Amino acid sequence: VQLQASGGGLVQAGESLRLSCVVSGRTFSDVGTAWFRQVPGKEREFVGGISRVNSATGYADSVKGRFTISRDNAKNTMYLQMNSLKPEDTAVYYCAGTSGSYYNSRQTYYAYWGRGTQVTVSS
C-alpha cells in the first residue's frame with residue numbers, strides 16, 4: 001500500500017488549505033486512514049482519522065472545529081480541509097493507512113505511511 005500526500009504550502013494565519021492523500025496498491029475501501037503531523041524536535045501527533053466502514057471521524061482537540069477529514073472512494077483519496085489556520089499548525093503533515101476498520105490516535109495502529117507535506121502558517 002502506498003500513500004502520497006500533497007497540497008501543503010505557505011499561508012497566512014486565518015487562511016485555509018486542503019491536503020490530499022492518494023492511496024494505491026489496495027482497494028481504498030479496505031484501508032482506514034488518518035492524518036498526523038510533526039514539528040522538528042517533537043513527536044508525531046494525531047490530527048484526525050476517518051473510518052473506512054462508516055466514515056465516522058475523530059479529531060485532536062487542537063484542531064476540532066477547524067479541520068475536516070473526508071474520503072472519496074471513487075478517487076482513492078482522503079482529504080484534510082484546514083480552516084482558520086494558526087501558526088501552531090505549522091508542521092509536516094503525514095497520511096497513514098491501516099487495515100483496521102476504524103481510526104486510532106496511536107501511530108502503531110497504522111502500517112502504512114506516506115511522505116509528508118509541509119504546511120507553514122505565518123502570523
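Numbering of residues begins at 1 and proceeds along the displayed sequence. Owing to the predicted nature of the structure, the values given are computational and were not obtained by experimental measurement.
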What pairs with Arg37 under salt bridge (charged side-chain N to carboxylate O under 4.0 Å, His left out), at least two apart in sequence or on another chain? Glu45, Asp89

In Å, rounded to the nearest 0.5 Å, how long is the span from CD1 of Ile50 to CZ of Arg71? 6.0 Å

So, using side-chain hydrogen bond (donor to acceptor under 3.5 Å, both in side chains) as the criterion, who are the partners of Ser6 when residues are at least two apart? none

Just grab all the ring-ring contact (aromatic ring centres under 6.0 Å, His included) pairs involving residues 68-97, residues at least two apart or on different chains. none

side-chain contact (heavy atoms from CB on, under 4.5 Å) involving Ser84 - partner list, sequence neighbours excluded: Arg66

Where Ala5 and Thr117 come nearest, the two heavy atoms and their spacing: CB-CG2, 4.2 Å

Can you name the side-chain contact (heavy atoms from CB on, under 4.5 Å) partners of Gln118, sequence neighbours left out? Thr90, Val92, Thr120

Exercise answer: donor-acceptor pairs, residues 52-59 side-chain atoms, under 3.5 Å, sequence neighbours excluded:
residue, atom, partner, partner atom, Å
Arg52, NE, Ser99, O, 3.4
Arg52, NE, Gly100, O, 3.1
Arg52, NH1, Ser29, O, 3.3
Arg52, NH2, Ser99, O, 3.3
Asn54, OD1, Ser51, OG, 3.1
Asn54, OD1, Ala56, N, 2.9
Tyr59, OH, Ile69, N, 2.8

Once side-chain hydrogen bond (donor to acceptor under 3.5 Å, both in side chains) is applied, do any residues pair with Gln107, and if so which ones, sequence neighbours excluded? none

Once salt bridge (Lys or Arg N to Asp or Glu O under 4.0 Å) is applied, what residue pairs with a partner in residues 16-36 remain, sequence neighbours excluded? none

My understanding is that only residues two or more places apart in sequence, or in another chain, count here; which of them pass side-chain hydrogen bond (donor to acceptor under 3.5 Å, both in side chains) with Thr108? Arg106

Looking only at non-hydrogen atoms, find the nearest pair between Ser20 and Thr77 and report the distance. CB-CG2, 4.1 Å

Tell me, with the steps shown, if Glu15 and Leu85 meet side chain to side chain contact (heavy atoms under 4.5 Å, CB included). CA-CA 6 Å; Glu15 294 184 341; Leu85 282 162; 5.5 Å; no

Identify, with sequence neighbours excluded, every residue that meets ring pair (Phe, Tyr, Trp, His ring centres under 6.0 Å) alongside Phe36. Phe46, Tyr110, Trp113

According to the disulfide (SG to SG under 2.5 Å) rule, which pairs have a member within residues 71-123, sequence neighbours left out? Cys21-Cys95

d(Leu80 CG, Thr33 OG1) to nearest 0.5 Å is 10.5 Å

If you look at every heavy atom in Asn83 and Ser16, which pair is closest and at what distance? OD1-OG, 2.9 Å

Applying salt bridge (charged side-chain N to carboxylate O under 4.0 Å, His left out), can you list everything that pairs with Lys64, at least two apart in sequence or on another chain? Asp61

Compare every heavy atom of Pro87 with every heavy atom of Ala13, then report the nearest pair and how far apart it is. CB-CD, 4.1 Å

